[in-house]
2 protein chains.
Amino acid sequence: MRTTHVPVPPPASDTEGTMESHPAPGGHSVRTRSQHQRRKRIVQAAAALASRGGVEAMQMRTVAERAGVALGTLYRYFPSKMDLVVAVVGEEIDLLESSIERRPPGAATPSSRAVDVLMRATRGLMREPELADALIRSLIMAEVQTPFGDRMTGLLLRVSADGLSLEEASEEQTDLAGSLASVWVQELLEMLRGRRTYDQIQRRIETAAARLLADI
Amino acid sequence: MRTTHVPVPPPASDTEGTMESHPAPGGHSVRTRSQHQRRKRIVQAAAALASRGGVEAMQMRTVAERAGVALGTLYRYFPSKMDLVVAVVGEEIDLLESSIERRPPGAATPSSRAVDVLMRATRGLMREPELADALIRSLIMAEVQTPFGDRMTGLLLRVSADGLSLEEASEEQTDLAGSLASVWVQELLEMLRGRRTYDQIQRRIETAAARLLADI
DNA sequence: CCGCAAACTAGAACAGATTCTAAAAGCTGT
DNA sequence: ACAGCTTTTAGAATCTGTTCTAGTTTGCGG
């Protein structure tokens, strides 16, 4: 076994449990500033590499080198490559969320607001196809629980069901938003495989959203 | 680069293009009988190993050994581990299809017939969690186009829209069936991650199917 | 300033997928 | 039976994720 919940006491790894990403004022062993910086350097190096040649280019040795840390240290911060990818994705989602906040979808119906958000995310990802490919795939594969789906679902609920959060929503509402997120993820995958165009995705998402979020 | 459309002329690999799996009377360079048998032995060995310890246990060296072929030969038939997994999955879907044929879903509404099929598939996969895990994940990751989603979509159309095939269905019908298949795949993944129970999946699939296939 | 535990580093070691090579085996047409 | 071709084979070699080791550096309580 490998990627298993090891009880290591090292630098507080965010992106776990029920999420949280930023410098997050957790409550536990908040390490030194230099550690935060090291972590940041690592994630940046990883993202930079991934945005070039995808996951393949994001080799652990290379990341460590570019980030100026030893391989062992890299593994101390991120027990597996997947964990690193998850962290990179976290940043991307942060970006999307703040973008939504800055310019919230203004459409009239819940479903069109949801479509708006999803297509905005799609365009964002399309801008760096290599990175997108790397991230999406890796996340789907992740053994560990990734906040990806949940964050996306929460985002959808928020924009479609008038500011509802994941906790306040009814089970059915969560199910429906989650389903739409699923459809989106799969469409994204198909696009990365070269089997969908942007327009096709939009059509499918619109169709699905119209039905799933009809009376949400 | 690696898993790239290499122009190798070796044994006709099925599970490509628009699908086909069985001994299939394609039309191209059908190699000798011994090659079919070799191929079959490989896939069997792979499936056997995967149903034990998942993809991890399905190591290329081991597969080659058990199938009684050289490693090089294995790679000649299946250019990458993923391709091998795709082949194994093909067999599983065949099983599901013939099961459906033997005992077609009898429910009254299109959506409940679809739910019936999906949950039957779910149970089938749950029986061999290791294999299921290996297969689903690998398929999603596959660089190559896998017939998985399409076959599932076709199956759904067939049982829900009164025997419609992928070709005859309207674009919207295909979109809707495809979306339901997407939701199912994601739920399956969540289950494999230990985040869904059978009942939860059933509820979500029912909810999604009811809306997506309402008037199909 | 001292000493200790945790964090870090350089680099070797290991594991499994994939590739490469040289030689043996299998077929095909003559 | 033979030459010329492709397929197989055994095994070494390569590549990248991950682990391990030994030694160095850093942060901190005294």
Side-chain angles (χ1 to χ4, degrees), chain A residues 1-4 6-13 28-39 41-42 46 49-50 53-86 134 137-138 141-144, chain B residues 1-13 29-39 41-42 46 49-50 53-86 134 137-138 141-144:
Chain A
M1 30 71 229
R2 57 172 65 136
T3 326
T4 350
V6 257
V8 278
S13 164
H28 29 300
S29 58
V30 194
R31 283 300 172 187
T32 34
R33 160 164 33 278
S34 75
Q35 282 177 317
H36 278 303
Q37 306 207 312
R38 208 166 274 142
R39 184 195 170 80
R41 256 185 301 137
I42 293 177
L49 286 168
V55 253
E56 326 223 319
M58 178 178 143
Q59 298 182 5
M60 296 305 262
R61 286 177 225 273
T62 317
V63 171
E65 200 177 298
R66 297 249 193 146
V69 302
L71 190 53
T73 305
L74 171 50
Y75 271 95
R76 202 158 150 59
Y77 281 75
F78 302 94
S80 80
K81 185 169 179 174
M82 203 74 85
D83 292 84
L84 182 49
V85 172
V86 169
R137 286 180 203 249
S138 303
M141 285 294 280
E143 189 70 49
V144 287
Chain B
M1 26 69 226
R2 58 172 64 136
T3 327
T4 350
H5 350 281
V6 257
V8 278
S13 164
S29 59
V30 194
R31 283 298 174 190
T32 34
R33 162 162 30 277
S34 75
Q35 282 177 315
H36 278 303
Q37 307 208 313
R38 210 165 308 205
R39 185 195 169 79
R41 257 184 301 137
I42 292 176
L49 285 168
V55 254
E56 326 224 318
M58 179 177 143
Q59 298 182 4
M60 296 304 262
R61 283 178 226 271
T62 317
V63 171
E65 200 178 297
R66 296 250 194 147
V69 302
L71 189 53
T73 304
L74 171 50
Y75 270 94
R76 202 156 149 62
Y77 282 74
F78 302 95
S80 79
K81 185 169 178 173
M82 203 75 86
D83 292 85
L84 181 49
V85 172
V86 168
R137 286 181 200 249
S138 303
M141 285 294 280
E143 188 70 48
V144 285

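Throughout, a chain's letter reflects where its sequence line sits, starting with A, and its residues are numbered from 1.
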TODO: Name the residue closer to the 5' end of DNA chain C, choosing between B:V55 and B:S34 according to the nucleotide with the nearest heavy atom.
DONE: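 This one resolves to B:V55.
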
Query raised in the report: Are any of the side-chain heavy atoms of B:H36 and B:R33 separated by less than 4.5 Å?
Result: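 No; the side chains remain at least 4.5 Å from each other.
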
Rounded distance in Å - [atom1] ([X]) to [atom2] ([N]):
| X | N | atom1 | atom2 | answer |
| --- | --- | --- | --- | --- |
| B:Y75 | D:dT14 | OH | C1' | 12 Å |
| A:K81 | D:dC15 | NZ | C1' | 12 Å |
| B:Q35 | D:dT8 | CD | C1' | 10 Å |
| A:F78 | C:dC8 | CZ | P | 12 Å |
| A:R76 | D:dT21 | CZ | P | 16 Å |
| A:Q37 | C:dC8 | CD | P | 13 Å |
| B:R33 | C:dG26 | CZ | P | 16 Å |
| A:I42 | C:dC8 | CD1 | C1' | 11 Å |

* Is any side-chain nitrogen or oxygen of B:Y77 closer than 4.0 Å to OP1 or OP2 of D:dT8? ->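 For D:dT8, OP1 or OP2 has a side-chain N or O of B:Y77 closer than 4.0 Å.
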
**Asked** OP1 or OP2 of C:dA17 sitting under 4.0 Å from any side-chain N/O of B:R61?
**Response**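 No, no such contact exists.
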
query: Who passes side chain to side chain contact (heavy atoms under 4.5 Å, CB included) against B:R66, sequence neighbours left out?
result: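 B:A45, B:L49, B:T62.
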
Just to verify, what does B:A46 make a side chain to side chain contact (heavy atoms under 4.5 Å, CB included) with, not counting sequence neighbours?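 B:A46 satisfies side chain to side chain contact (heavy atoms under 4.5 Å, CB included) with B:M58, B:V63, B:L84, B:V88 only.
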
Quick one: [atom1] on [X] to [atom2] on [Y], what's the gap to the nearest 0.5 Å?
| X | Y | atom1 | atom2 | value |
| --- | --- | --- | --- | --- |
| B:I42 | B:M60 | CD1 | CE | 8.5 Å |
| A:R39 | A:S34 | CZ | OG | 13.5 Å |
| B:R38 | B:T73 | CZ | OG1 | 6.5 Å |

### Message
side-chain contact (heavy atoms from CB on, under 4.5 Å), that's the test. Do A:K81 and A:V55 meet it? Break it down for me.
### Response
CA-CA 9 Å; A:K81 185 169 179 174; A:V55 253; 4.2 Å; yes

* Identify, residue by residue, the members of residues 66-74 of chain B with a heavy atom below 4.0 Å from DNA chain D, and return them in order of residue number, or none. =>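 Listed by number, they are B:G68, B:V69, B:A70, B:T73.
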
### Message
Heavy atoms from C-beta onward define the side chain here; which of C:dA17, D:dT8, D:dT18 lies closest to that of B:R38?
### Response
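Per side-chain heavy atoms of B:R38, the pick is D:dT8.
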
